[in-house]
Number of protein chains: 2
Amino acid sequence: MEKRAYVHGYSEREAERLGDQARTLTELLHHDTRYPAGSRVLEAGCGTGAQTVILARNSPDATITSLDISPDSIRRAEERVRAEGIANVTFRTGDLFSLPFAPGSFDHVFVCFVLEHLADPKGALAALRPFIKPGGTITVIEGDHGSAYFHPESAAADAAIRCLVDLQREAGGNALIGRELYPLLASAGYTGVNVSPRMVYVDASRPDLVEGFTKQTFTAMVEGVRDTVLARAMMDVKDWERGIADLYQTCGPDGVFCYTFFKATGKVPE
Amino acid sequence: MEKRAYVHGYSEREAERLGDQARTLTELLHHDTRYPAGSRVLEAGCGTGAQTVILARNSPDATITSLDISPDSIRRAEERVRAEGIANVTFRTGDLFSLPFAPGSFDHVFVCFVLEHLADPKGALAALRPFIKPGGTITVIEGDHGSAYFHPESAAADAAIRCLVDLQREAGGNALIGRELYPLLASAGYTGVNVSPRMVYVDASRPDLVEGFTKQTFTAMVEGVRDTVLARAMMDVKDWERGIADLYQTCGPDGVFCYTFFKATGKVPE
């Protein structure tokens, strides 16, 4: 994993946001990832452990190794996992482009919300492959900010979201990577690649998602780049505030918000 | 239904396109619409009968009345239904804003790819309501062209799609109506409104959808407005052709295409 600025920053609010996001989306994204007893699983890019907790709970008899390039994130992930009383996870600091393991060390690899931050996502997938034993699998989950659309429509909200996409691109990442998972995995040498889109559809009849996804996950993430956007005059303050207000408008009784995550699996040939 | 120019036109190719679309999408959109024996169902806005055939087959013991404002469409729908040997459908020419039936004549109403063409979709839904008996249901299916995104990205393809959206808007319709079904049905007086998005995800591992959806349904629909777009200089011919070529590019081995239909149901209070 290259060392670049993490577009969302490392603040307390960001840790909270990741926690909220994980809880709201757990069922949608993770319900069908269960690893058998005794299997060795690498979580590549665990961050502060938001997904680690879910992964470990869904596969209590698998042995999970969670790796991240940031020692600070690893420390927080360890604290979170210990606080939850989870015992089947080991943590390692390391770079996923030069893993500190022997080839074929794992039965399965799990990569969630990581490729979006990398300049060479195909290279990352190819770098992970030798560490999966033949017949093993990789599972990748990513969002795609270009899949966000809503009612009422708003050019200002579209522009605010575009700022996030542009900042992530400048930092070397790609906030539109979800749609690319099939060609990325196929070209990195995985077989039997299957992509399953997971759409989050939110209207006023689903108040938990209005709060947990539209407000606390997506809109909070956009609001998180406010200072950078304004300091760099990517939008003027009036348009920015209009865009954010319009995102909150999609949380009203007539509002609708749509976003799609992509979950892909692939195999390493026997 | 107001008498306005139907944005897709009434050519043979359009009839074929609607036929292809219906076959490819049948399972995704219609598998969960089955009406009980003896129930009276109104299909409001049947067009040339592409959905009528599916509706009648899925509910062979229901009595279906299919209505459209265009006598020519009704004639073609009748031919299609007769050719399929279907006997539980009766056709009527008429306007859904002033239905030629007694109030409470139907147990269920079905409206598919119709609201997108109307200047007053909420008014249409409200106009249908008195004809559904208390406790009956309405089912509405619409697309949303703003839900189309793809890999590789292309500004020219986005512009070509935007032409279709603009033309439909000028004709009094709304090609982005799918996302609005919840507030439309709720504000038209239906209760228990439930919206179920049906995403079409297409990559190279799904050749039937590449052919049947990305090429023959979506791209063919965009290509259908070529003459109007060029005659009115909404795009220049080079950009247009680039946009269409880029849509075909999403059908290649590295291409991905995404589109979402929305299916909504609501009830008339007892």
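Every chain is numbered from 1, with letters handed out A, B, ... down the list of sequences.
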Open item on the list: Can you confirm whether B/Arg198 is buried at CZ, in the sense that more than 12 heavy atoms of other residues, nucleotides or ligands lie under 6.0 Å from that atom?
Closed with: yes

Task: Segment of A/Leu176 engaging chain B (4.5 angstrom heavy-atom cut-off) - done: side chain

Open item on the list: Quick check for you: among B/Val193, B/Val256, B/Asp203, which has the greatest number of heavy-atom pairs under 4.5 Å with chain A?
Closed with: B/Asp203

Task: Under 4.5 Å from any heavy atom of chain B - which part of A/Phe257 - done: neither

Open item on the list: Report which part of A/Ala204 has an atom under 4.5 Å of a heavy atom belonging to chain B: side chain, backbone, both, or neither.
Closed with: both

- [ ] Side chain from CB out, backbone as N, CA, C, O: work out which of these in A/Pro253 comes under 4.5 Å of a heavy atom of chain B, or both, or neither.
- [x] backbone

Open item on the list: When you compare the side chain of A/Tyr149 with that of B/Asp144, does any pair of heavy atoms fall below 4.5 Å?
Closed with: yes

- [ ] Examine whether an atom of A/Ser187 lies under 4.5 Å from a heavy atom of chain B, and if so say whether it belongs to the side chain, the backbone or both; otherwise answer neither.
- [x] neither

TODO: Kindly give the heavy-atom pair with the smallest separation between A/Arg179 and B/Phe150, and that separation in Å.
DONE: NH1-O, 3.1 Å

Open item on the list: Please rank B/Cys258, B/Ala148, B/Pro197 by heavy-atom pairs under 4.5 Å with chain A and give me the top one.
Closed with: B/Pro197

TODO: Please name the pair of heavy atoms, one in B/Asp254 and one in A/Pro183, separated by the smallest distance, quoted to 0.1 Å.
DONE: O-CG, 3.4 Å

Open item on the list: Between A/Asn194 and B/Ser205, is there a side-chain heavy-atom distance shorter than 4.5 Å?
Closed with: no

